[in-house]
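For reference, the structure discussed in these notes is given below.
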Amino acid sequence: MIRFEQTFMNFLLEHQEKHNRTHHFLILMDGLISAAKHIQHYYLTGALKGNLGLAGNVNVQGENVLRMDQIAHEITLHYLKVSGRVIHAVSEETEEIIPVNPEGGRYFIYFDPLDGSSNVPHGLPVGFLFGIAKRNLEGPEDGHLRAGKDYIAAGMFVIPTGTFTLGLKDAGTWRFHIDETMNFVRPTRMTLPEDKKEWELSFNASNRYTYSEKVQKWIAENESKYAFRYLGALAGDFHRVLANGGMFMYPAIVNHPNPKKNRPDGKLRLMYEAAVVAFMCREAGGDAVDEAGTRILDVQPKKHHQRTALYVGSKPLIEDIGRVLRG
Ligand code: FBP
């Protein structure tokens, strides 16, 4: 007896029909799925094909571009273009907002095609993160940057583990696994566990004495209560938090012995890193705040590559650290 698993596309078709929505979103998601599989192939063969090294140039963030960053960006842009559904895109890899199909497009997409650059040279887990917003269908569209609360969906692929997680506005966060036919299957609803026994803390421990005094104090008072895990790639670390509960944080760096290395505005990017995991976390019953204790999803972006501090995870922990940050 052959056992058939429900595929992602069948799951999404049911979702769209249940909510009397159009096929446009299905076509866009099909493009993102194709992009993720293509990126996974290049990453898995990267070491043998010599694609895990530097590309030789510097990106908008002033960082050395990795060959795989360029490959992942190029692949994603191709599938967004052929979907015909995207007005414009914001990519971590390009300075300017990318006009894709300004007239015929229906969605804005904000993406980081390969997140977790410190893991790339070792072929270790990285992430493909994206947030999607829809054009104004009732009136004129000015193309303004959307806050996370205006996203209709946000998701991440953890590459090369073959897992895909998608948050749908007011419809939960769902995880899918890749099967032997390279299909994403078995939709599993993700809800942050209330039981604290599995909760984990995730942050770059080598930065802890560069955080604000109040954040350092919160860590000292709480770290012994939870396990500590850190992969060094947001998608991988948040993947764990979503399953086990707890909190991932990348606080502002304000007490670095070398003041030039301070990051008072945080390191992670608001639109295609922080807001993406914050959206999935909200749909899974969690929350996320910035260094001021403001909800990440409520922050209106002023610039498309704007940075932010990030605290994301189980509601009781975010409420607790939020009080400290607002204090
Ligand atoms: P990149 O987009 O340059 O990879 O930066 C993002 C990121 O790698 C996140 O995935 C991760 O959470 C964080 O930076 C790791 O930073 P650090 O190496 O300072 O701990």
Side-chain angles (χ1 to χ4, degrees), residues 32 36 90-92 109-117 119 125-133 146-159 161 163-169 171-176 189-193 199-204 229-252 265-291 293-299 301 304-315 317-319 321-322 325:
L32 287 167
V90 168
S91 167
E92 185 199 40
I109 186 152
Y110 317 112
F111 69 98
D112 183 348
L114 206 80
D115 181 71
S117 46
N119 284 355
V126 291
F128 173 13
L129 302 155
F130 62 89
I132 301 169
R146 261 61 173 184
K149 67 176 185 292
D150 301 324
Y151 292 6
I152 60 164
M156 66 181 188
F157 299 88
V158 181
I159 292 168
T161 66
T163 57
F164 166 42
T165 306
L166 181 70
L168 293 165
K169 192 173 182 70
T173 287
W174 300 79
R175 182 158 290 169
F176 304 83
R189 183 144 191 182
M190 304 300 292
T191 305
L192 285 152
W199 285 10
E200 297 170 349
L201 283 185
S202 182
F203 60 94
N204 182 334
R229 297 285 182 277
Y230 193 68
L231 272 165
L234 175 62
D237 286 312
F238 181 66
H239 180 97
R240 292 186 62 99
V241 166
L242 209 47
N244 295 344
M247 177 169 66
F248 169 91
M249 54 184 163
Y250 206 106
D265 302 331
K267 172 190 180 181
L268 302 179
R269 272 65 68 170
L270 173 63
M271 294 192 76
Y272 44 81
E273 291 175 328
V276 169
V277 293
F279 186 99
M280 287 186 276
C281 197
R282 178 197 68 191
E283 291 296 332
D287 208 344
V289 295
D290 65 9
E291 197 71 16
T294 304
R295 273 214 169 83
I296 292 282
L297 295 177
D298 294 340
V299 177
H304 51 282
H305 291 303
Q306 152 174 355
R307 295 179 186 270
T308 181
L310 173 65
Y311 302 80
V312 58
S314 302
K315 247 192 191 131
L317 282 181
I318 301 300
E319 281 159 5
I321 193 87
L325 292 165

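Note: hydrogens, waters and symmetry copies are ignored here, and every other heavy atom, side chains too, is used.
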Residue set satisfying salt bridge (charged side-chain N to carboxylate O under 4.0 Å, His left out) with Glu200, at least two apart, ordered chain then number -> Arg240
Show the nearest heavy-atom pair for residues Ala233 and Gly116, with the distance to one decimal. CB-CA, 3.9 Å
List the residues meeting side chain to side chain contact (heavy atoms under 4.5 Å, CB included) with Thr163, not counting sequence neighbours, and say none if there are none. Val158, Thr161, His177, His239
Counterpart residues, side chain to side chain contact (heavy atoms under 4.5 Å, CB included), relative to Val126 (two or more places apart): Tyr43, Leu114, Asn119, Val120, Ile159
NZ of Lys169 to CG of Asp150: how many Å apart, nearest 0.5 Å? 6.5 Å
Arg282 CZ to Ile318 CD1 distance, which is reported to the nearest 0.5 Å: 14.5 Å
Looking at CG of Leu317 and CE of Met247, how far apart are the two atoms once the value is rounded to the nearest 0.5 Å? 5.5 Å
Across all chains, not counting sequence neighbours, the side-chain hydrogen bond (donor to acceptor under 3.5 Å, both in side chains) partners of Asp237 are Ser202
Going by the rule side-chain hydrogen bond (donor to acceptor under 3.5 Å, both in side chains), which residues pair with Tyr311 if we only count those two or more places apart in sequence or in a different chain? Glu291
Report the residues that fulfil ring-ring contact (aromatic ring centres under 6.0 Å, His included) with Phe164, sequence neighbours left out, ordered by chain and then residue number. Phe8, Phe157, Phe176, Phe184
Between Pro193 and Leu242, what is the shortest heavy-atom contact and its length? CD-O, 4.1 Å
In chain order, what residues pass the side-chain hydrogen bond (donor to acceptor under 3.5 Å, both in side chains) check against Asp287, with sequence neighbours excluded? Arg295
Are the side chains of Val241 and Val277 in touch, meaning some heavy atoms are under 4.5 Å apart? no
Closest heavy-atom contact between Ser314 and Gly245? OG-CA, 3.5 Å
Could I get the full list of salt bridge (charged side-chain N to carboxylate O under 4.0 Å, His left out) partners for Arg175, not counting sequence neighbours? none
Atom pair CG/CG of Asp115 and Leu234 - distance to nearest 0.5 Å: 5.5 Å
Enter the distance from Asp265:CG to Thr308:OG1 here, rounded to the nearest 0.5 Å. 8.5 Å
Does the side chain of Asp112 come within less than 4.5 Å of Tyr272's, by heavy atoms? yes
List for me each residue that meets side chain to side chain contact (heavy atoms under 4.5 Å, CB included) alongside Gln306, sequence neighbours excluded, and say none if there are none. Leu270, Val299, Pro301, Lys302, Lys303
Give the minimum heavy-atom separation between Leu297 and Ala147, together with the two atoms involved. O-CB, 3.7 Å
Decide yes or no for Leu166 and Phe130: does some side-chain heavy atom of the first lie under 4.5 Å from some side-chain heavy atom of the second? yes
Quick one: pull up CZ in Arg146 and CE in Met271 and give me the separation to the nearest 0.5 Å. 9.0 Å
Results of side-chain hydrogen bond (donor to acceptor under 3.5 Å, both in side chains) for Thr191 - residues two or more places apart only: none
Are Met280 and Phe238 packed together at the side-chain level, in the sense that at least one heavy-atom pair is separated by less than 4.5 angstrom? yes
Please determine whether side-chain contact (heavy atoms from CB on, under 4.5 Å) holds for the pair Leu32 and Phe128, giving the CA-CA distance in whole Å, both sets of side-chain angles, and the decisive distance to 0.1 Å. CA-CA 10 Å; Leu32 287 167; Phe128 173 13; 3.9 Å; yes
Considering all heavy atoms of both residues, which atom of Arg307 and which atom of Arg269 are nearest to each other, and what is their separation? NH1-NH1, 2.8 Å
Phe279 and Gly167 have their tightest heavy-atom pair at CE2-O, 3.4 Å
